[in-house]
Every structure is written in C-alpha cells, then in structure tokens.
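Order of the sequence lines sets the chain letters (A, B, ...), proteins ahead of strands, with each chain counted from 1.
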Amino acid sequence: MSINPELAGRVYPAADPYMVGREKIREFAAAVKATHPAHFELEAAAALGHTDLLAPPTFAIIVAQRADAQLIADPASGIDFSRVVHADQRFTHHRPIIAGDELLAELHVDTVRAMGGGAMITTRSEITTTAGEKVATTVSSLLVRGEDQ
Amino acid sequence: MIDFATLEKGMDIGSTTIHVNRADLVRYAGASGDFNPIHWNERFATEVGLPGVIAHGMFTMGSAVQLVSNWVGNPGAVIDYQTRFTKPVPVADPEGSNPSDHAGTAVQISGAIGALDEEARTARVDLTVTLEGTKVLVKAQAVVQF
C-alpha cells in the first residue's frame with residue numbers, strides 16, 4: 001500500500017491529556033543519561049525557578065510520538081510503521097515542561113513528499129496545557145521506505 | 001552560571017562520550033514509549049535490512065544535548081533543539097558479554113558556539129556527534145536562552 005498524498009494538511013485533534021509525572025521525568029532523564037539535578041530533585045528545580053521537576057529538552061517526544069501514532073494507526077494513511085525511519089526532529093519550547101503539566105498535542109500533517117517508492121512525511125505537534133497555554137512545538141520528518149528500499 | 005557577555009562565536013563548550021549498550025536501549029524504549037523492535041530485536045532489525053540493532057535516533061539526540069544542559073547549568077534554557085539523523089548507531093551484543101555491563105558503542109559529542117543573538121540574548125550551540133569519526137547527527141543545533 002502506498003502513502004496517501006491527501007494526508008497533507010490533515011489535522012488530528014488532541015486525544016486524552018498526557019499527565020507529566022515526577023517519576024516519568026526521572027525515568028526519562030535517566031534513560032537519556034541526563035545528570036542535571038533539576039530533573040531529579042525538587043530543590044534543584046526550585047533553585048532554577050521551577051515549581052516542580054524540570055523535564056529534559058527532548059521529553060516532549062513522548063507526547064509528540066503519541067500524536068504521530070494517531071496518524072500511523074489511521075488506516076487511511078497507508079503508513080507501515082515497520083518501514084518508518086526518523087529523518088529529522090525539532091523541538092521549540094515556548095516554556096519548559098515541568099511535572100504536573102497536563103499536555104495536549106494537536107497533530108498537523110504539514111507535508112507529504114513522494115520519494116522513490118516511499119514518502120517523506122513532516123508532522124507538527126502543537127503542545128499546550130489543558131488550560132490552553134502554549135508549551136512546545138515539535139516537528140518530525142518521517143521517511144516511510146518503499147517496498148524495494 | 002555562564003555570562004552571556006563572555007561568549008564568542010566559535011568558542012568550545014566542551015566534549016563528552018556517551019556509551020550505549022543494549023540495556024540502555026531497553027531503558028530508553030520503556031521511558032519514551034518507542035518500542036520499535038529495530039531497537040531491541042536483532043532478528044527483526046536484520047530482516048528489515050539494518051546491520052543489526054540500532055539506537056533510537058531520539059536516544060542519541062536526547063543524550064547529546066546533556067552537554068549543553070550541563071554547560072549552561074539550566075536544561076530549561078534550551079529553547080530550541082533540532083537535528084537530522086543521518087547514520088544509524090549500531091549497538092552490538094558481543095558473545096559472552098552481559099548486555100547491562102558491556103561498555104557498548106561510544107558516541108563522541110562536542111559543542112561550539114555557532115551563532116550569538118545579542119538582542120534576543122540567545123546562543124546557538126552546534127553539536128558534533130560522531131561514531132568512529134563519522135557524523136551520526138547533522139545540523140544538531142541547540143538554542144540557549146540567557
């Protein structure tokens with residue numbers, strides 16, 4: 001099955017909110033080998049002016065990839081997850097993510113470009129709090145390899 | 001804390017080495033929710049044409065930025081961070097080794113000031129991330145707010 005070119009411009013509304021937990025921040029920070037104490041200790045986060053544990057700079061990928069999963073799972077997209085390669089990634093933080101945030105991600109399919117037998121799909125997640133505050137914008141390019149690639 | 005006024009374009013911010021073994025990939029899969037089997041199952045990885053199990057691009061991106069977080073002293077100051085993933089980072093599972101203790105693949109990371117914006121008080125740190133001398137991330141740039 002090939003990639004549906006009409007995906008471009010599609011918007012997937014936010015699914016259930018993602019609750020940022022302290023232990024998840026600690027777990028994710030340890031997994032990327034982060035050592036800064038603001039990810040682990042409340043006092044260290046407070047010393048930098050944060051009201052709770054501070055998430056590492058790429059933490060938003062958890063929320064962004066959940067949003068991307070909606071697109072990949074959409075039967076209309078024609079994307080085979082086992083053929084997806086992450087080509088590039090960008091995070092723009094409007095403010096840091098801290099424990100206790102309840103986040104929503106609205107997924108935008110910005111571009112779909114045919115490449116060989118596959119396609120390059122660029123998605124953008126607009127991440128906000130449930131109160132509507134802008135938190136981060138993430139942009140991912142996913143290369144979906146064709147059958148012969 | 002770093003004083004913005006002392007920064008100059010081209011200035012080195014330091015370097016580090018990240019070691020990644022199979023246990024690290026399992027840990028990252030669990031922490032991130034990215035369970036793509038190319039990052040933990042050798043058979044599947046080779047069947048889809050890879051040289052073997054490879055690290056999550058987001059593991060490499062996420063661990064490389066620690067150099068910037070620690071340099072600036074505030075991970076929350078990283079307001080923008082981007083990269084392109086150009087080469088896979090294979091993570092071997094040598095015979096007779098314990099996957100949790102094995103030193104794993106060594107990824108070298110260094111950073112330098114690529115640009116300064118006096119008005120916005122931001123510094124762009126350009127990261128060089130290599131495996132055995134070959135770049136695995138390209139255009140890895142972190143913008144730090146001062």
Among [options], residue most engaged with chain A (heavy-atom pairs, under 4.5 Å):
options: Ser63(B), Gly76(B), Pro75(B); value: Pro75(B)
options: Pro88(B), Ala64(B), Gly73(B), Gly49(B); value: Gly73(B)
options: His56(B), Met61(B), Gln82(B); value: Gln82(B)
options: Ser69(B), Gly33(B), Gly57(B), Ser32(B); value: Ser32(B)

Check: Thr134(B) main-chain N/O paired with Thr130(B) side-chain donor or acceptor under 3.5 Å: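 Pair absent, no side-chain N/O of Thr130(B) close to backbone of Thr134(B).
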Would you mind checking which part of Val65(B) comes under 4.5 Å of any heavy atom in chain A, side chain (CB onward), backbone (N, CA, C, O), both or neither?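 When you check distances to chain A, only side chain atoms of Val65(B) fall under 4.5 Å.
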Which atoms of [X] approach chain B - backbone, side chain, both or neither, heavy atom under 4.5 Å:
X: Ala34(A); answer: both
X: His94(A); answer: neither
X: Lys33(A); answer: both
X: Gln89(A); answer: both

Do Asp74(A) and Arg10(A) meet the salt-bridge criterion of a basic N to acidic O distance under 4.0 Å?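 Yes, Arg10(A) and Asp74(A) are salt-bridged.
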Side-chain heavy atoms of Thr92(A) within contact of Ile79(B), under 4.5 Å: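 SC-SC contact between Thr92(A) and Ile79(B) ruled out.
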Between Ile98(A) and Leu54(A), what is the shortest heavy-atom contact and its length?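 Scanning both residues completely, I find the closest heavy atoms to be CG2-CA, 4.2 Å.
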Check against side-chain hydrogen bond (donor to acceptor under 3.5 Å, both in side chains), Asp110(A) and Thr122(A): CA-CA 6 Å; Asp110(A) 281 344; Thr122(A) 300; over 6 Å; no
Between the side chains of Asp101(A) and Thr129(A), is a donor N or O closer than 3.5 angstrom to an acceptor N or O?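 The answer is no; no qualifying pair exists.
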Please assess Thr137(A) against Glu126(A) for the test side-chain hydrogen bond (donor to acceptor under 3.5 Å, both in side chains), listing each intermediate value before the final yes or no. CA-CA 5 Å; Thr137(A) 301; Glu126(A) 295 293 350; 2.8 Å; yes
Options Phe91(A), Phe28(A), Phe81(A), ranked by heavy-atom pairs under 4.5 Å with chain B, top entry: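 Option with the greatest count: Phe91(A).
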